[in-house]
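For reference, the structure is listed below as structure tokens.
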Amino acid sequence: MKNCVVEDWLYADNISLKQQTVVLSALRGCDGQSRHDLSKKLARKIRCTVLKNAATSSTEFMQDLMTLDEVRDFAKDCDKYPVHYYIHVIHCCEIIGYKHNYENTRKWFSDAYRIMVDALHLRTETEKECDYRLRDGVN
């Protein structure tokens, strides 16, 4: 799409509308945290992966500067974030990790997903399970 702010990979045929919605719901950092908080840094990484940059100059709004070590720190401190927010970010990273068209991006987000899930002592979903859970046409 020519005039769409969303990157083309996000509306590919293999990504349900529900999965697109989950990804878009994670574009903000956690409310109540400083702009230097790791949740904000992760939000900037997600934005630069999901959105086309409409700014003509460099901006902090979209930066791909977060490391997996910082994701580990973010996950170790997950108790300071609302669970609802944290789960949105987990699922967003999961979908990017399964669906992005670039292998390096998929790998980074897949690793981030596993780190965050492990911090809650949960089991990761397979791509097939994620696709089934977030299929269109069911509540």
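These numbers come from a predicted model, not from an experiment. Hydrogens, waters and symmetry mates are skipped; everything else that's a heavy atom, side chains included, is used.
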What's the verdict on salt bridge (charged side-chain N to carboxylate O under 4.0 Å, His left out) for R72 and D69, showing C-alpha distance, side-chain angles and the deciding distance? CA-CA 5 Å; R72 283 182 194 85; D69 284 337; 2.9 Å; yes

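- The neighbour count for K107 NZ, taken as heavy atoms of other residues, nucleotides or ligands under 6.0 Å away, does not exceed 12.
- At a threshold of 4.5 Å between non-hydrogen side-chain atoms, the residues L120 and C78 count as touching.
- The distance from atom NE2 of H91 to atom SG of C130, rounded to the nearest 0.5 Å, is 7.5 Å.
- D64 has no carboxylate O lying under 4.0 Å from a charged side-chain N of K41, or vice versa, which leaves the two without a salt bridge.
- Contact check for D111 versus V71: no side-chain heavy atoms found under the 4.5 Å cut-off.
- The hydrophobic cluster containing L68 also contains I95, counting ILVMFWY residues as joined when their side-chain heavy atoms lie under 4.5 angstrom apart, directly or transitively.
- Here the closest heavy-atom approach between residue I46 and residue C92 is recorded as CG2-SG, 3.7 Å.
- The distance from atom SG of C4 to atom CG of L10, rounded to the nearest 0.5 Å, is 8.5 Å.
- A search for side chain to side chain donor-acceptor pair (under 3.5 Å) contacts involving Y86 returns nothing, not counting sequence neighbours.
- Side-chain polar atoms of D31 and Y81 form no donor-acceptor pair below 3.5 angstrom.
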Apply side-chain contact (heavy atoms from CB on, under 4.5 Å) to the pair K99 and E127, showing each step before the final yes or no. CA-CA 9 Å; K99 304 297 185 179; E127 183 175 2; 3.0 Å; yes

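- Looking at M66 and K40, their side chains never come closer than 4.5 Å, going by heavy atoms from C-beta outward.
- Proximity of Q20 to V23: side-chain heavy atoms (C-beta onward) are nowhere separated by under 4.5 Å.
- Note that OH of Y85 and NZ of K80 are 10.0 Å apart. Values are rounded to the nearest 0.5 Å.
- L17 is not connected to Y11 by any chain of hydrophobic side-chain contacts under 4.5 Å among Ile, Leu, Val, Met, Phe, Trp and Tyr, and they are in different clusters.
- A salt bridge links E129 with R123: at least one charged nitrogen is closer than 4.0 Å to a carboxylate oxygen.
- Evaluation of the ring-ring contact (aromatic ring centres under 6.0 Å, His included) test over residues 98-139, restricted to residues two or more places apart or in two chains, returns W9-H100, H100-Y102.
- In this structure, A43 and G29 approach most closely via the heavy-atom pair CB-N, 3.4 Å.
- Hydrophobic clustering places V83 together with V22 (ILVMFWY residues linked when any side-chain heavy atoms are closer than 4.5 Å, directly or through intermediates).
- A donor-acceptor pair is defined here as one N or O able to donate and one able to accept, closer than 3.5 Å; such a pair exists between the side chain of S16 and the backbone of L134.
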Please report the C-alpha distance between V138 and K18 in whole Å, then the side-chain angles of each, then the deciding distance to 0.1 Å, and finally whether the side-chain contact (heavy atoms from CB on, under 4.5 Å) criterion is met. CA-CA 10 Å; V138 296; K18 285 185 179 180; 3.7 Å; yes

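- A side-chain N or O of S39 and one of D37 form a donor-acceptor pair less than 3.5 Å apart.
- Summarising the geometry, atom NE2 belonging to H88 is positioned 4.5 Å from atom OG belonging to S25; distances are rounded to the nearest 0.5 Å.
- Atom SG of residue C93 and atom CE of residue M116 lie 3.5 Å apart, to the nearest 0.5 angstrom.
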Decide salt bridge (charged side-chain N to carboxylate O under 4.0 Å, His left out) for E70 and K45; before the verdict, give the C-alpha distance in whole Å, the side-chain angles of both, and the deciding distance to 0.1 Å. CA-CA 12 Å; E70 289 173 313; K45 178 150 182 100; over 6 Å; no

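- Considering only residues two or more places apart in sequence or on other chains, R44 meets the salt bridge (charged side-chain N to carboxylate O under 4.0 Å, His left out) condition with E60.
- Note: E125 CD to D131 CG = 9.0 Å, rounded to the nearest 0.5 Å.
- N104 CG: 12 or fewer foreign heavy atoms inside a 6.0 Å radius.
- When the shell of 6.0 Å around CZ of R28 is examined, it contains 12 or fewer heavy atoms from other residues, nucleotides or ligands.
- At least one side-chain heavy atom of I96 sits under 4.5 Å from a side-chain heavy atom of T105.
- Under the 4.5 Å side-chain heavy-atom criterion for grouping Ile, Leu, Val, Met, Phe, Trp and Tyr, V50 is connected to V5 within one hydrophobic cluster.
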